[in-house]
Amino acid sequence: MKVLVVGGGGREHALCWALKRDHPDATLFTAPGNPGTAQLGTNLAIAATAVDALVAAVRRHAIDVTVVGPEAPLAAGLADALRAVGAAVFGPSAAAARLEASKAFAKEVMARADVPTAASRSFSALRPALAYIRSHAEPLVVKASGLAAGKGAVVCDTRAAAAATARAMLAEGKLGDAGREIVVEQFLTGEELSVLALTDGEGVAILPPAQDHKRLGEGDTGPNTGGMGAYCPVSLVTPALLEKVRCEILEPTLLEMAVRGARFAGVLYAGLMIAPDGSPQVIEFNCRFGDPEAQAVLPVLPEGCTQHLVDIAAGRWRPPRPVLTASRAAVTTVLAARGYPDRPETGVTIDLPPAADLGPEVLVFHAGTVRDPPPPPPPSTEGTLRTAGGRVLAVTALGATVPEAARRSAAACERITFEGKTWRRDIAWREIRRAGAA
Ligand code: AMP
């Protein structure tokens with residue numbers, strides 16, 4: 001089997017790792033990949049959003065199945081273009097990916113399907129947006145409707161702050177096209193939870209839910225980032241909660257998408273707020289694996305689970321149990337570059353010891369790294385590994401419990417060095433606190 005993984009971050013390295021674990025004989029290609037995926041297969045120098053070039057590569061290399069990591073190529077129609085030439089692909093069509101690419105559309109779908117979510121309204125014009133904000137309770141949330149790489153949602157303590165945010169997005173072009181439409185919504189309280197489900201558009205298999213840490217600083221302080229770490233499983237999750245999420249959120253959404261002629265096949269990721277009374281509400285939908293959630297969730301899925309991706313892509317999926325459980329606990333700590341998220345420093349040499357020297361059950365997934373070309377022949381060593389992006393490495397450790405996995409992940413992070421290394425030592429703190437209280 002020949003598999004192409006599209007993308008070049010830690011999530012895609014984790015996908016390659018899981019595919020190779022489950023299918024040791026598979027030939028892997030990654031576009032564009034990174035030095036981590038290069039150890040598992042062949043990196044193709046094609047951008048993740050270069051739809052035509054990717055379709056050509058799938059034909060040239062006779063790829064059997066393509067797994068799409070990031071949202072941008074899905075929103076750009078990569079899955080449609082591949083299906084149009086008869087190629088199997090794991091990831092939704094552009095019409096289905098609108099669940100992530102347009103928050104206004106997602107809100108409309110949820111309203112129609114009676115899915116619990118924050119009360120909201122969507123606006124393309126500033127004046128009615130400001131009028132709505134003036135009548136709204138504080139705090140409130142203003143979101144760019146389009147894809148904004150995690151920078152689109154602004155929690156505003158005051159109506160004045162919300163008005164300024166709406167003005168910046170709608171009138172001043174901050175966030176560009178992504179902010180031409182905005183969603184203004186009610187602020188929800190509770191605990192956030194990421195529930196990812198595999199689906200062929202009808203059946204669902206819920207993966208072990210995870211919690212991620214969006215803020216840069218320890219104690220969940222500082223600016224929002226793409227994610228500084230994640231862990232799973234999460235002990236606040238009960239079978240009853242997952243049943244509720246399946247019946248009240250995932251299945252009605254899939255049905256509504258199918259009714260609209262936009263059947264959703266791939267990973268449906270529900271970012272939830274679990275209210276103090278235990279009821280889940282949707283904060284957002286994503287149309288793909290989360291990053292860094294994938295780096296925590298994929299390693300603890302039962303071996304063989306990537307066959308589900310292959311079967312969904314081929315349109316021959318037989319859903320397993322509705323909930324897949326984690327075999328171990330996992331904690332993923334992101335090592336970011338100095339200056340992340342605004343202006344990450346690049347080009348810095350990384351000293352990355354072999355995984356075996358980093359402690360038991362440690363996996364290092366590359367995200368923003370690059371390797372210098374090997375020295376002139378005869379090449380005796382590999383080229384130097386350098387930082388090349390904001391999130392540099394994702395260090396996953398497994399353990400019997402989340403606290404054990406967290407200790408192992410942090411210990412491994414201590415042993416990896418590069419100038420300006422920026423990371424949180426408190427990933428999974430909520431779970432560790434819960435474990436201590438238990
Ligand atoms: P989103 O891009 O919609 O996932 O939002 C990013 C982050 O903003 C979420 O992970 C939450 O921490 C926060 N957020 C978004 N919407 C709300 C809301 N309605 N109430 C409270 N927090 C929110």
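Along the sequence shown, residues carry numbers from 1. Numbering of ligands and ligand atoms starts at 1, following listing order.
- If you check which protein heavy atom lies closest to atom 13 (C) of ligand 1, you get Val155 CG2, 4.1 Å.
- The shortest contact between atom 2 (O) of ligand 1 and any protein heavy atom is with Lys103 NZ, 3.4 Å.
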Please step through salt bridge (Lys or Arg N to Asp or Glu O under 4.0 Å) for the pair Asp426 and Arg433, ending with a clear verdict. CA-CA 11 Å; Asp426 68 342; Arg433 194 172 64 181; over 6 Å; no
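- For atom 10 (O) of ligand 1, the nearest non-hydrogen atom of the protein is Glu192 OE1, 2.7 Å.
- Cation-pi geometry between Arg121 and Tyr132 is satisfied (NZ or CZ under 6.0 Å from the ring centre, within 45° of the ring normal).
- When each of Asp311, Val204, Leu309, Leu268 is paired with Leu198, the side-chain contact (heavy atoms from CB on, under 4.5 Å) condition holds for Leu309 and for no other.
- Taking a cut-off of under 4.0 Å to the non-hydrogen atoms of Lys143, the atoms of ligand 1 that pass are 3 (O), 15 (C), 16 (N).
- Ring orientation note: the planes of Trp317 and His308 are nearly perpendicular, at an angle over 60° on the 30°/60° scale.
- If you check which protein heavy atom lies closest to atom 8 (O) of ligand 1, you get Ala153 CB, 4.0 Å.
- Distances below 4.0 Å separate heavy atoms of Glu185 from the following atoms of ligand 1: 16 (N), 17 (C), 18 (C), 19 (N).
- Per-residue contacts place Val141 under 4.0 angstrom from the following atoms of ligand 1 (heavy atoms of the residue considered): 16 (N), 17 (C), 18 (C), 19 (N), 20 (N).
- Listed for the Ser327 side chain is a donor-acceptor partner under 3.5 Å among the backbone atoms of Val300.
- Look at Glu108 and Arg112 and you find no salt bridge, because none of the NZ, NE, NH1 or NH2 atoms lies under 4.0 Å from a carboxylate O.
- Summary of contacts: the protein heavy atom closest to atom 20 (N) of ligand 1 is Leu188 N, 2.8 Å.
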